[in-house]
Structures are given as structure tokens and as C-alpha cells.
Amino acid sequence: MSHEWLIIIWFAVWGLLWAVYFALDGYDLGAGILCPWLPKNQEERHQLVASLGPFWDGNEVWLITAGGATFAAFPTTYAIMFSSLYAPLMIILLGLVFRAVAIEFYNKSQGTSWQRFWAGALSLSSLIVALLLGVAFGNIFQGLPIDQNGYQGTLLTLLNPFGLLTGVLLVLAFLFNGSAWLAVKTEGELAERARSLAEKIWPWLLVAAVLFLFYGAFGTNLFANYLAQPVWFLVPLLAAVAVIAARLYLARQQAALALISGSLAVLFTVFVGIIGIFPAMLPSHVDPRYSITAFNAASSPYTLTIMLIVVLIFLPVVLAYQYWLYRVFSAKVTKEDIESY
């Protein structure tokens with residue numbers, strides 16, 4: 001296989017890993033944001049945290065895999081990303097660490113006041129991670145201030161309208177999926193309250209999605225590849241269909257299908273951006289010549305070939321394990337399950 005095709009395949013794998021991470025970790029980030037607000041008592045809060053227990057750390061494996069794939073397949077991209085965007089990426093990393101600590105310490109705390117504290121910490125860290133991931137990818141999608149001397153922006157540079165809009169879109173999508181998740185995994189008033197919240201979030205999610213597409217089409221160069229190859233418009237169409245399907249399933253009291261549709265909407269939306277920036281990975285809005293692309297950042301053909309073999313062997317294993325995990329822990333979290341808290 002030629003080096004060019006290996007690079008294209010790995011760009012697609014890179015995009016897929018990030019898209020799967022957002023689709024899977026989105027619902028537990030959304031549920032985490034809701035931890036202090038949606039439950040009305042300690043028992044319901046226990047249900048919410050317990051619903052995340054077997055899944056949240058497994059979902060974050062996709063983030064580690066996406067980062068590892070970036071490091072191995074596109075080392076130049078990895079180096080420039082983590083040197084130029086050091087501050088926001090460190091905030092995201094600290095948010096992920098503090099989120100994990102909050103979940104573990106909540107489960108080990110006996111006092112109500114400490115559990116409330118860790119519930120608040122879980123909510124804040126989940127919100128920061130969701131928002132800043134959206135801001136980061138929004139800036140990548142619209143292009144970064146990269147010139148012949150490298151990245152010229154600051155942390156405040158990233159807080160531009162399109163970056164913030166993408167961050168808000170991601171937070172709303174995660175809140176919708178988190179609410180749908182709780183409607184599936186919990187019971188009683190908490191589940192019904194979660195389903196009702198998802199219905200209230202959906203119109204705002206739709207507005208944010210429309211604004212994202214409108215701004216992306218007229219305020220950035222994100223849709224140049226789509227205009228060159230109109231067949232790619234199928235991807236944003238699938239994202240729109242998934243968003244609408246999620247609301248229809250909610251109306252039919254089918255929260256599980258609403259969650260799947262909402263997760264697919266996130267996955268397709270990430271791919272809208274990934275396809276739009278190809279072949280760039282860190283596009284420059286100063287001058288395309290300064291963009292970091294898959295072709296000028298890729299590893300050697302030998303490295304990409306070995307890694308592709310590894311992916312073809314182990315990716316089905318990971319998918320099979322996650323399927324087994326969701327099957328084994330498919331039951332709702334009941335009052336009996338949380339008696340040990």
C-alpha cells in the first residue's frame with residue numbers, strides 16, 4: 001500500500017477515534033454535569049453516580065487511544081498541538097483527573113456534606129471538560145492563527161465566537177445524551193425527570209446545531225470539501241436525521257433509542273468537521289501553506305503499516321469487550337443496588 005493511502009486511512013482512523021470518544025463519553029459527561037441539580041435527594045444522587053460506575057473510565061479509553069494514535073501516526077501534529085495549545089489542554093487534562101477523583105471520592109464519602117461537595121466537583125469538572133473540548137475542536141475546524149513562526153494565539157484567542165458556539169453545542173448535546181442515559185439507567189421519578197429534561201434541552205440543541213452549520217458554512221472554510229465533493233453532504237444530513245430521530249424517540253418513551261440517536265448525532269457532527277478540514281489536522285486561517293496536514297505530519301510508511309495491523313487486530317477486541325460490558329450492566333440502577341452506598 002502506498003504511503004499516501006496509508007496517510008488517508010490513518011486520518012480516517014484518527015477522526016473515527018475522536019468521534020467515538022465524543023459519542024461515548026458525552027453521555028457520562030452530561031450526566032456528571034447534572035449530578036447536583038437533577039436529583040432531589042441523596043438516594044437519587046446515588047443512583048446517578050452509580051449509573052456511571054462501570055462505564056465512564058472505559059469510555060475515556062477512547063480519548064487515550066485517540067491521543068496515542070495522534071502521537072504515533074502524526075507526531076508533528078501531536079508536538080505542535082501540545083506545545084502551542086498547552087494551557088487549554090492542561091485545563092482539560094486536570095478537569096478529567098478531578099472528575100475521576102470526584103467520582104471515586106463520592107463513592108467513599110460517608111457524610112452527606114462531603115457527597116454534595118464531590119457531586120459539585122463532578123459537575124464543574126465535567127462542564128469544563130465538555131466546554132473546552134468543544135472550544136478546542138471548534139477552533140481547529142475554523143482554523144488556528146498559525147504562520148511561519150508557528151502558533152501565534154493565546155488561551156483567550158480560542159474564546160472566539162465559533163469556538164464558544166461549538167463548545168455550547170457540545171455541552172447541550174452531552175446534556176441531552178446524559179439526560180437520556182439517566183432515563184434509561186435509573187428508575188422512578190429521577191428517570192422521568194431526566195426524560196423531561198431531555199425534551200426541554202432538545203430545542204436549544206437544535207438551535208445550536210443550526211447556528212453551528214450556518215456559521216461553519218458562511219464564517220469559515222469548513223464546507224469547501226463538501227462543495228468540491230457534494231456526496232459528503234450525506235454526513236451533515238445524517239447528523240440532522242439523528243437529532244430529529246432522538247426527539248421522536250423521546251416522544252414515544254423510547255429513551256434508549258433516543259440516547260443512541262443522540263450519540264450518533266455527536267459522532268456525525270464530529271465527522272462533519274473532520275471531513276471539512278481534510279487534509280489539514282491543524283489548519284491555518286492565516287495562510288493554508290502554514291497548515292499542519294496529515295501529509296506533512298505523518299510517520300513513516302513502516303510505522304503506519306505496523307500500527308494499522310495492530311488496529312485491525314485489537315480494535316475488534318475492544319469493541320467486543322465494550323459490547324459485553326454494556327450487555328452485562330444493561331439493567332437499571334435500582335434502590336437495592338445503592339444500599340451499600
Side-chain angles (χ1 to χ4, degrees), residues 19-20 22-41 43-45 47-52 55-56 59 123 126-127 130 134 165-214 216 233-272 323 326-327 329-335:
V20 171
F22 282 120
L24 290 180
D25 206 31
Y27 73 76
D28 63 62
L29 283 168
I33 295 172
L34 296 172
C35 190
W37 319 110
L38 189 64
K40 296 300 183 182
N41 51 55
E43 183 180 85
E44 289 186 351
R45 193 165 60 244
Q47 279 186 280
L48 187 154
V49 176
S51 74
L52 304 178
F55 305 102
W56 69 270
N59 292 337
S123 176
S126 298
L127 176 61
L165 173 60
T166 309
V168 170
L169 172 63
L170 208 61
V171 169
L172 289 171
F174 288 178
L175 284 172
F176 177 89
N177 290 344
S179 301
W181 169 258
L182 294 174
V184 173
K185 290 294 293 180
T186 62
E187 61 178 3
E189 294 182 4
L190 177 59
E192 181 55 36
R193 206 178 303 123
R195 192 193 65 80
S196 177
L197 179 61
E199 290 182 341
K200 294 175 182 177
I201 292 171
W202 187 86
W204 296 100
L205 173 60
L206 181 63
V207 170
V210 170
L211 290 175
F212 172 81
L213 292 174
F214 184 83
F233 277 107
L234 179 63
V235 178
L237 177 62
L238 288 172
V241 169
V243 170
I244 295 171
R247 181 62 182 89
L248 294 176
Y249 284 129
L250 272 182
R252 297 175 183 176
Q253 307 290 319
Q254 296 174 303
L257 291 176
L259 171 63
I260 293 172
S261 297
S263 298
L264 287 174
V266 172
L267 185 143
F268 288 131
T269 300
V270 174
F271 262 113
V272 168
Y323 173 76
Y326 279 86
R327 283 292 300 270
F329 295 99
S330 60
K332 289 179 176 290
V333 177
T334 64
K335 296 178 180 179

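For this chain, numbers begin at 1 and follow the sequence in order. Atoms considered below: every heavy atom in the structure, side chains included; atoms not considered: hydrogens, waters and symmetry mates.
- Residues forming a ring-ring contact (aromatic ring centres under 6.0 Å, His included) with Y27 (at least two apart in sequence, or on another chain): W181.
- Residues S263 and L259 form a side-chain contact, since some pair of their non-hydrogen atoms from C-beta on lies under 4.5 Å apart.
- Remark: L29 pairs with Y21, D25, R99, S126, V129, F174 by the side-chain contact (heavy atoms from CB on, under 4.5 Å) rule, at least two apart or across chains.
- Listed here is the closest heavy atom pair of A194 and L182: CB-CB, 3.7 Å.
- S330 places a side-chain N or O within donor-acceptor distance of the main-chain N or O of R327, the cut-off being under 3.5 Å.
- In this structure, the side chain of Q47 engages the main chain of V333 through a donor-acceptor pair within 3.5 Å.
- The shortest non-hydrogen separation linking V270 to F22 is CG2-CD1, 3.6 Å.
- Note that CD of Q254 and CG of L248 are 10.0 Å apart. Values are rounded to the nearest 0.5 Å.
- Rounding to the nearest 0.5 Å places CG of N41 at 8.5 Å from CD of E189.
- Note that the OH atom of Y326 and the CG atom of L24 stand 5.0 Å from one another [nearest 0.5 Å].
- Side-chain atoms of K185 do not come within 3.5 Å of backbone N or O of K332 as any donor-acceptor pair.
- Scanning both residues, S123 and W37, for their nearest heavy atoms gives OG-NE1, 3.3 Å.
- Between L48 atom CG and L38 atom CG the span is 7.0 Å, to the nearest 0.5 Å.
- The side-chain heavy atoms of F268 and L264, taken from C-beta on, include a pair separated by under 4.5 Å.
- S51 OG to L190 CG: the interatomic distance, rounded to the nearest 0.5 Å, is 8.0 Å.
- A pairwise comparison of heavy atoms in G262 and A246 identifies N-CB, 4.0 Å as the closest pair.
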side-chain contact (heavy atoms from CB on, under 4.5 Å) between V235 and T269, intermediate numbers included: CA-CA 8 Å; V235 178; T269 300; over 6 Å; no
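- Expressed to the nearest 0.5 Å, how far CZ of R193 lies from NZ of K40 amounts to 5.5 Å.
- Paired with L175 under the rule side-chain contact (heavy atoms from CB on, under 4.5 Å), one option of I201, L197, L127 passes, and it is I201.
- Panel note: side chain R195, backbone Q253; no donor-acceptor pair is recorded below 3.5 Å.
- Across every non-hydrogen atom of A183 and A255, the tightest pair is CB-CB, 3.8 Å.
- Counting heavy-atom neighbours within 6.0 Å of F214 CZ, excluding the residue itself, gives a total of 12 or less.
- For the residue pair A180 and A198, the shortest heavy atom distance occurs at N-CB, 4.4 Å.
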